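Position 1 is the first residue of the sequence, and the numbers go up from there. All of these numbers come straight from a predicted model, not from anything done at the bench.
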Amino acid sequence: MTRTQAEAAVDAWFASRGWKIFPFQRAVWKAALAGESGLLHANTGAGKTYAVWFAALLRGANRTRRANTGLRVLWITPMRALAADTQRSLEVAAAELGAASPDVIGTWSIGARTGDTGAAERARQSKSLPGALITTPESLSLLLSHAAARDQFRHLDMIIIDEWHELMGSKRGVQVQLALARLRRWNPGLVVWGLSATMGNLAEARGVLLGDPEAGVLVEGDLKKQIVVDCLVPQGVARFPWAGHLGLQMLQPVIDEIEQHAATLVFTNTRSQSELWYQNIIEARPDWAGLVALHHGSLDREVREWVETGLKRGDLKAVVCTASLDLGVDFLPVERVLQVGSAKGIARLLQRAGRSGHAPGRISRVTLVPTNSLELLEAAGAKRAVATRRIEARQVPNKPFDVLVQHLVTVALGGGFRSEAFYEEVKSAWSYRHLTPEEWQWALDFVARGGQSLTVYPEYKRVLPDEEGVYRVPDVKIGRRHRMGIGTIVSDAQMQVKYVSGGRIGSVEESFIGRMKPGDRFLFSGRILELVRVHEMTAYVKRSESTRGAVSRWQGTKMPLSSELAHAALEELKMAGEGIYDGPEMRALQPLLEIQARWSALPDSDVLVVESMKSREGYHLFVYPFAGRAVHTGLASLFAYRVGRVMPSTFSIAVNDYGFELLAPEAVDWATVFAAETGADVGLFDTSHLLEDVLDSLNATQLSQQRFREVARIAGLIFQGYPGQHKSMRQVQASSSLFFEVFRKHDSGNLLLTQAEREVLEQELELTRLRDTLVELHARRIAFREVKRATPFGFPLMVERFREKVSTEKLADRVARMVRELEKAAGA
């Protein structure tokens with residue numbers, strides 16, 4: 001049983017399918033056989049799965065048959081939907097290879113362990129894990145929480161982390177880091193490989209994966225795969241756009257695209273948007289009922305699996321979906337990918353493009369469907385950025401203490417730990433490499449007695465040392481509650497949606513159903529449903545004959561424009577300022593940009609455009625940094641605060657991805673504020689006291705309290721109830737608010753408090769990017785313009801402000817009246 005025999009068997013398998021083995025696949029096999037870990041970066045559909053799976057099979061061929069019993073390969077995936085698809089792919093390859101060369105490859109058992117795994121299968125796995133197990137970060141942590149964990153993983157030889165770019169920048173990725181540190185501790189020779197398709201900071205990604213910037217190898221596949229990005233340019237582009245104004249005006253062009261192809265994915269950015277588009281497509285083409293489907297994460301698992309299977313078989317003509325189909329599910333029949341609205345980032349756009357042409361040598365194509373005129377600018381910028389492969393870097397969370405606290409309890413359940421040895425193990429995880437002894441002691445103290453302020457409550461004495469100094473969970477009930485809360489995915493309490501007659505549909509957030517009364521109708525799962533009653537976190541419904549209902553809402557922040565896409569858009573504007581309108585998107589946008597230039601000026605990478613305007617509402621300031629809505633939220637508050645110190649005033653704020661508006665009831669001398677000679681007195685672009693000024697300019701306590709809810713739930717402070725007895729969102733909020741106030745008053749050094757504040761600054765306001773933006777703006781020339789009326793760039797900001805105050809119908813009427821006035825002023 002030699003390596004040569006095993007590799008010959010693999011070569012024969014590829015040849016039997018008429019496939020070529022790529023150099024990057026052989027590079028992974030060679031490295032893995034030599035015991036090296038690494039990161040594989042290659043395009044979607046290039047063959048990454050076979051590269052690492054055959055590496056595992058080749059390593060297995062060099063072990064004795066006896067050692068092949070028990071868990072040998074652990075495959076970590078970020079989504080449950082990927083587990084079933086991955087399992088099928090691995091089973092087919094292992095079975096065919098094993099049948100052709102039984103004495104070399106042997107027989108592999110392959111299973112999955114996710115939140116979708118049934119009780120009977122979990123019971124079987126508790127006795128004996130399969131040779132290869134596909135699981136999620138949450139399910140892996142759950143496995144590590146059992147006392148027999150070390151014995152279950154004793155034969156583990158290789159770990160594969162799929163879609164590492166998706167995990168790396170989140171707390172779920174930190175959860176994986178800590179699990180890897182534990183498994184490496186038990187088996188220092190463990191081989192670990194990560195798979196990535198779209199990422200800018202590859203060297204750092206490898207270091208985070210392996211816990212060492214110098215460890216492992218980086219293998220890159222052929223990145224010359226042809227990716228086509230184009231756009232459905234609307235007829236008669238509006239010169240005064242507002243968010244969503246095109247919307248369903250693009251319905252017919254989208255239907256025409258679907259008509260021309262056998263299978264199309266229509267991506268939207270939100271679940272609510274997917275519901276609307278699906279319903280309108282079916283209303284326009286009722287003959288497509290059964291051929292067009294809906295897919296998002298809140299639909300029942302059986303519905304999602306039916307859609308995924310239908311795509312694979314080629315039974316479906318189109319699927320309207322969200323990020324639920326972003327990742328590695330292999331849908332070879334998909335010919336076209338449409339992206340409704342801007343993808344807001346290059347990595348996300350490439351990921352979605354890769355859903356089409358999902359095989360080596362095929363062209364991947366994504367077509368953008370703008371929902372407002374200015375998204376044509378983003379489309380033009382996206383084409384430029386994709387052509388030059390400018391992909392966003394993924395940022396890694398730094399020392400999230402809520403994840404650490406959760407992991408301490410998990411490991412204390414899973415056999416226990418000694419403080420000094422476990423401290424070194426945790427520090428081997430990238431996010432905790434700078435964890436200080438004082439921070440470690442705080443975390444230990446917090447799980448042992450609840451820190452300084454919860455010592456009188458026995459339920460917070462979760463982990464205690466025994467007589468041998470091994471930290472364990474002393475109470476069975478605490479252990480059971482902890483296992484139910486393992487994970488870092490935090491969302492509003494979910495309410496099941498079921499038919500009165502029986503049958504599950506999916507889940508929506510409790511806060512949405514909470515605003516409804518029996519008889520109210522809502523759109524969900526592509527159907528108009530009528531609420532009948534609510535009982536024990538379940539909304540019972542029936543089909544409604546009505547054609548209209550409220551659109552189900554799910555919490556979720558709007559994705560901000562990435563720096564890479566923003567800079568590419570500014571480059572397009574710079575060319576437009578020089579009279580160069582390159583491509584159909586910019587040519588369609590030319591009338592809008594010419595009015596912007598005539599009435600004001602065009603912003604670009606060297607020019608910051610600032611507009612001042614007086615209206616019946618008050619005194620407006622419009623600023624266009626092109627830095628994304630998160631940064632603009634911080635910038636607007638910061639500017640208002642800094643100006644208010646010199647010229648006291650009250651401001652209303654509106655933001656979008658391109659700029660922000662400050663509205664004051666009294667006149668503000670904006671010309672003086674932005675004048676080169678006097679602007680330094682206000683210090684608008686100063687970064688020396690940025691943190692202090694940002695905290696003072698916002699209701700930072702309120703923002704931190706909101707973020708603390710998530711931190712407290714991950715850290716295990718809040719128990720959300722047993723199945724069928726879940727606490728309401730109101731109860732959870734009340735509990736977290738109580739902890740927040742107790743810690744502020746009696747435990748001000750609590751690291752969970754400082755973490756909540758840090759996450760607000762870094763994630764919600766993007767403080768680092770805010771600082772970089774201030775430096776950029778300081779270097780730009782300021783084009784200050786006093787304008788008589790809203791410009792094409794200023795108008796959408798005014799609409800954003802109106803949107804918060806008036807109903808949709810009244811908003812549409814008001815906007816239409818304003819557009820007529822502006823168009824009249826602009827002339828033909």
Side-chain angles (χ1 to χ4, degrees), residues 49 53 56-57 59-60 63-99 102 105-162 175-176 179-180 182-183 186-187 190 300-302 304-306 308-309 329 410-411 413-415 473 476 479-487 504 722-724:
T49 297
W53 178 228
L57 296 179
R59 284 181 61 81
R63 313 287 172 176
T64 65
R65 187 69 61 90
R66 182 185 59 81
N68 265 336
T69 59
L71 180 65
R72 299 286 302 158
V73 178
L74 189 63
W75 189 293
I76 303 173
T77 175
M79 292 182 71
R80 288 181 291 180
L82 295 183
D85 187 74
T86 301
Q87 183 176 354
R88 282 189 289 268
S89 297
L90 305 193
E91 282 176 340
V92 168
E96 291 181 355
L97 196 61
I105 301 300
T107 303
W108 281 78
S109 58
I110 301 166
R113 179 68 172 256
T114 72
D116 289 338
T117 303
E121 177 63 18
R122 287 200 303 271
R124 279 194 296 272
Q125 290 177 1
S126 65
K127 297 176 182 177
S128 177
L129 289 173
L133 182 69
I134 302 147
T135 190
T136 59
E138 295 74 25
S139 292
L140 174 56
S141 290
L142 201 54
L143 287 170
L144 291 175
S145 74
H146 292 286
R150 185 165 189 169
D151 186 58
Q152 283 186 312
F153 288 103
R154 70 185 184 278
H155 294 309
L156 187 62
D157 178 63
M158 186 169 176
I159 301 179
I160 296 156
I161 298 96
D162 206 354
Q175 195 177 3
V176 172
L180 289 175
R182 172 104 294 221
L183 294 170
W186 291 341
N187 182 358
L190 198 59
D300 189 66
R301 174 171 60 93
E302 291 184 4
R304 287 183 273 120
E305 289 181 350
W306 176 84
E308 292 159 18
T309 302
V329 184
T410 296
V411 174
L413 276 169
V473 174
V476 173
R480 187 164 61 246
R481 284 176 49 161
H482 175 77
R483 288 191 177 104
M484 291 184 61
I486 281 178
R504 292 182 302 177
Y722 293 106

K.L.:
For Glu96, look at atom CD and say whether over 12 heavy atoms of other residues, nucleotides or ligands are found less than 6.0 Å away.
P.N.:
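Correct, the count exceeds 12.
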K.L.:
CZ of Arg483: more than 12 outside heavy atoms within 6.0 angstrom?
P.N.:
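Counting neighbours around CZ of Arg483, more than 12 heavy atoms of other residues, nucleotides or ligands fall under 6.0 Å, so yes.
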K.L.:
How long is the gap from CD on Gln152 to OG on Ser126, to the nearest 0.5 Å?
P.N.:
7.5 Å
K.L.:
Can you tell me how far CZ of Arg122 sits from NZ of Lys127, rounded to the nearest 0.5 angstrom?
P.N.:
14.0 Å
K.L.:
For Leu74, run the side chain to side chain contact (heavy atoms under 4.5 Å, CB included) check against Ile160, Leu180, Leu183 and tell me which one passes.
P.N.:
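The single option meeting the side chain to side chain contact (heavy atoms under 4.5 Å, CB included) with Leu74 is Leu183.
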K.L.:
May I ask you to decide if Asp151's main-chain N or O and Arg154's side chain share a donor-acceptor pair within less than 3.5 Å?
P.N.:
yes
K.L.:
What are the two closest non-hydrogen atoms of Thr410 and Ser141, and how far apart are they?
P.N.:
CG2-O, 3.4 Å
K.L.:
Taking C-beta and beyond as the side chain, do Leu71 and Phe153 meet within less than 4.5 Å on heavy atoms?
P.N.:
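Yes; the side chains approach each other to less than 4.5 Å.
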K.L.:
Can you tell me how far the OG1 atom of Thr107 sits from the CG atom of Leu97, to the nearest 0.5 Å?
P.N.:
11.0 Å
K.L.:
So, for Ala94 and Trp108, which heavy atoms are closest and what is the spacing to 0.1 Å?
P.N.:
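For Ala94 and Trp108, the tightest heavy-atom pair comes out as CB-CB, 4.3 Å.
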K.L.:
Can you tell me if Gln87 uses its side chain to pair, donor with acceptor, with the backbone of Ile110 under 3.5 Å?
P.N.:
yes
K.L.:
Any side-chain donor-acceptor pair under 3.5 Å between Ser139 and Arg113?
P.N.:
no
K.L.:
Between Arg88 and Glu91 (salt bridge meaning N to carboxylate O under 4.0 Å), is one present in this structure?
P.N.:
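Result for this pair is no, no salt bridge flagged.
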K.L.:
If you compare all heavy atoms of Trp53 against all heavy atoms of Ala132, which two are closest, and at what distance to 0.1 Å?
P.N.:
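Nearest heavy atoms, Trp53 then Ala132: CH2-CB, 3.9 Å.
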K.L.:
For a quick test of reading the model, state the closest non-hydrogen atom pair linking Leu156 to Leu190 and the distance between them.
P.N.:
O-CD1, 3.5 Å
K.L.:
Would you check if the side chain of Thr114 reaches a backbone N or O of Thr136 as a donor-acceptor pair within less than 3.5 Å?
P.N.:
no
K.L.:
Quick one, Leu90 and Thr49 - any side-chain contact, counting heavy atoms below 4.5 Å?
P.N.:
yes
K.L.:
Evaluate the criterion side-chain contact (heavy atoms from CB on, under 4.5 Å) for residue pair Ile76 and Ile159; output intermediate values, then yes/no.
P.N.:
CA-CA 8 Å; Ile76 303 173; Ile159 301 179; 4.0 Å; yes
K.L.:
How many angstroms lie between CZ in Arg72 and CE in Met158, if you round to the nearest 0.5 Å?
P.N.:
11.5 Å
K.L.:
State the CZ-CG distance between Arg150 and Leu144, to the nearest 0.5 angstrom.
P.N.:
12.0 Å
K.L.:
Measure across Pro130 and Ser109 and return the closest heavy-atom pair with its distance rounded to 0.1 Å.
P.N.:
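Smallest interatomic distance, heavy atoms only, reads CA-OG, 3.4 Å.
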K.L.:
Say you draw a straight line from CZ of Arg182 to CG of Leu140; how long is it, rounded to the nearest 0.5 Å?
P.N.:
12.0 Å
K.L.:
Whether the side chain of Trp75 engages the backbone of Leu133 through a donor-acceptor N/O pair (distance < 3.5 Å, no angle test) should be reported.
P.N.:
no
K.L.:
Can you see whether Ser145 engages His482 through a side-chain donor-acceptor pair at a distance of less than 3.5 angstrom?
P.N.:
no
